[in-house]
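This report concerns only the one structure given below.
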Amino acid sequence: MRHIISILMENEPGALSRVVGLFAQRNYNIETLNVAPTDDPTLSRLTVTTIGDDRVIEQITKHLNKLIDVVKLVDLTEGNHIERELMLVKVKALGAARDEVKRTADIFRAQIVDVTPSLYTVQITGDAGKLDAFLQAMAPVGVLEVARTGVSGIARGDKVLSL
Amino acid sequence: MELLSGADMIARFLQDEGVEYIYGYPGGAALHIYDALFRQDKVKHILVRHEQAATHAADGYARASGKPGVVLVTSGPGATNAVTGIATAYMDSIPMVVLCGQVMSHLIGDDAFQETDIIGVTRPIVKHSFSIRHPSEIPEVLKKAFYLASTGRPGPVVVDIPKDMTAPTERYEYVYPKKVKLRSYNPVTRGHTGQIKKAVELMLKAKRPVFYTGGGVVTGNASEALTDLVQRLGFPITTTLMGIGSYPQGDRQCLGWLGMHGSYESNMVMHHSDLVIAIGARFDDRVTNNTSKFCPTAKIIHVDIDPSSVSKTVRADVPIVGPAQGVINEMISLVQGKEIAHPEALAEWWEKIDGWREERHGKLYEPSQPGEQLKPQEVIEALYKATRGEAFITTDVGQHQMFAAQYYKFAKPNRFITSGGLGTMGFGFPAAMGIKLNYPDDQVICVTGEGSFQMMMQELSTCKQYGVGVKIVNLNNASLGMVRQWQDLNYKSRHAHSYMESLPDFQKLIESYGFTALRVETKEELESALERTFADKDELVFLDVYVDPREHVYPMQVPLGSMRDMLLSKTERT
């Protein structure tokens, strides 16, 4: 099963390589990864999506918790949560396709953020499924380049991941 | 307020931390630190002949004393040579602090002379690592390194120190930090009371229980508590290789150790038990054999300080995360005044166990006949008698290691010093050196083989320099015995590179360092040689004992089988 694990860790050199190294060393897989400092500049938030059965996920969270740089973590998929990813995609926009791209972008509530005579750069946010669906819809027109941030997420409701 | 250079801070910190010996080897990037050590006389530096030996010596000391061993090496090859020793300590959860010189900060990343990213190289084999970014942080970082290395589940910590951080010209305020806090590191201090209650209920109701305890009991200083609990309950106990001595081996309740080459009765008891009480052990593959066939009828209680050890390879029915000593003491207070529910079942269980014991009694190996080559097992038995079981025994890796574990009986923990997890050849001799320096009044014996010994024999020179009187018992079968055994069993005795046709004359070699070496080929020679060896505890003596190369280590678990599937000799199996 796919899990989204969010980690608060020390904003220190080497911390990221320890987290990523752990996945490689113990043969766990990383589907997506994103990381940035939080409102507290001493802390970074890292979100990783990974796939594994319950036993593997339990080991992943235990080993992550064991890393000295990891302060706190949560498996967002254990409860209700909001999952978002941002994608920038360059698609061909020539002739009739130019209108089609605009219409599809509207349907997906995406925005066209850059324009040239032959292509559009579209920005879209949503969960990974929505982004995949948009790419599928654009495939006949011609997708030229894709940049995805990887999944970020947060729990719904009053639950807060902080110190 | 005291102003010190980075290098002087390191020397002063080691003094304040109460470090008596450090083991190391100088080089460019570490020279400021070496100069600081030279200008003081509290911390003694032992100059090894290879950095791997420095880590093993520090490791040996740590295993014997429970305190972190300290290593100092230079950048690049100095640090990479230490890697095997760091990995050895990591696999066995041994506290160690490794200080590595590094090229100057502004050169890092330029492929400078003797530059290696040692933080990167060691990342998977350390508990944590630090890189010094400003000289003023040295005292706090070092304190954190010692704190992390020695608390929770212990392990090695690497501190990378660029040369400019120790420059003698720049001075900063030095205060010894008595305490440090890391917001992300809070090792558990006690087990969950509800879980402990649940475990004790199962223990009292068990019909065929067994304790299976490991190195965590030794590092957790829990041997006394464990012995108390096991004796109160009257259950059998088997330990891992790392747990040897944590319960007195001569006691009736002790079945020896378990696993690949563990005792017949240990493996039989584990397989047939209905309750396995695992404490400070990690269900390693050399113990469990095939996990899908492991202890088919048993419920499993697993006590460990490291949550990631619990249910890693074998699912625990009652997981308890906590320090061994605290958890065992809590178990004792819950057991106190209570009776076990099925005393008759336990008596029956013991009858069965005694039956298994009886089955193999006197059949463990065939002693040599007069005129035949000595058997390695009888050498260890003679060694045990000659030292009355009171020595520190270090080993290298292979057949001699298993024979030492099988035939030397340990009454105390921290006495059997062996590389269990990583299985590092070359470990034994430098480890013995580290122990002997700190325990000069004890007999410290390295049981080794001619293969392993040659991996670290350059340390004879170190022993000469510091007058380290370790004893070396070389079980010389002129072959890599364990490799040869596997080749006999699995490769139709095709001995690919497992024999040595070019052994040195060990006697001459040892004598060239000014030490005594004795060649032993018969039982009579063995007895007098042992007497001679232990006559003076300050003298290094090398016993070159020629033993039968055809001998195999038994029992031996059958690959992919359950715990009870064992070869018992060249012709018998379960």
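Lettering follows sequence order; numbering is per chain, from 1. Note that the coordinates shown come from a computational prediction; the quantities given were computed from them, not determined experimentally.
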Can you check side-chain contact (heavy atoms from CB on, under 4.5 Å) on His128(B) and Asp69(A), steps first, answer last?
CA-CA 9 Å; His128(B) 196 58; Asp69(A) 290 323; 3.6 Å; yes
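Ranked by heavy-atom pairs under 4.5 Å with chain A, the first of Ser311(B), Pro187(B), Ser129(B), Gly152(B) is Ser129(B). Chain B forms more heavy-atom pairs under 4.5 Å with one residue of Met9(A), Gln59(A), Glu12(A) than with any other, namely Gln59(A). By number of non-hydrogen pairs under 4.5 angstrom with chain B, the leading residue of Leu8(A), Leu43(A), Leu22(A), Asn65(A) is Leu43(A).
The closest side-chain heavy-atom distance from Lys62(A) to Asp306(B) is not below 4.5 Å. Counting heavy atoms from C-beta outward, Pro307(B) and Lys66(A) have side chains that stay 4.5 Å or more apart.
Residue Val71(A) comes nearest to Arg183(B) through the heavy atom pair CG2-NE, 4.3 Å, listed as atom of the first residue, atom of the second, then distance. The two residues Glu10(A) and Ser184(B) make their nearest non-hydrogen contact at OE2-OG, 4.2 Å. Smallest separation of non-hydrogen atoms from Lys127(B) and Ile68(A): O-CG1, 3.9 Å.
The line from CD1 of Ile119(B) to CZ of Arg18(A) is 7.0 Å long, rounded to the nearest 0.5 Å. The line from OG of Ser308(B) to CG of Leu67(A) is 10.0 Å long, rounded to the nearest 0.5 Å. In this structure, the separation between NZ on Lys312(B) and NE2 on His63(A) is 6.0 Å, given to the nearest 0.5 Å.
Looking at Arg55(A), its side chain never comes within 3.5 Å of a backbone N or O of Thr313(B) through a donor-acceptor pair.
Neither the backbone nor the side chain of Ser309(B) comes within less than 4.5 Å of any heavy atom in chain A. Residue Ser131(B) does not touch chain A at all, counting heavy-atom pairs closer than 4.5 Å.
Within a 6.0 Å radius of CD1 in Ile154(A), no more than 12 heavy atoms belonging to other residues, nucleotides or ligands are found. The neighbour count for Lys92(A) NZ, taken as heavy atoms of other residues, nucleotides or ligands under 6.0 Å away, does not exceed 12. More than 12 heavy atoms of other residues, nucleotides or ligands lie within 6.0 Å of CG in Asn186(B), so this atom counts as buried by the packing criterion. Atom CG of Asp53(A) has more than 12 heavy atoms from other residues, nucleotides or ligands within 6.0 Å.
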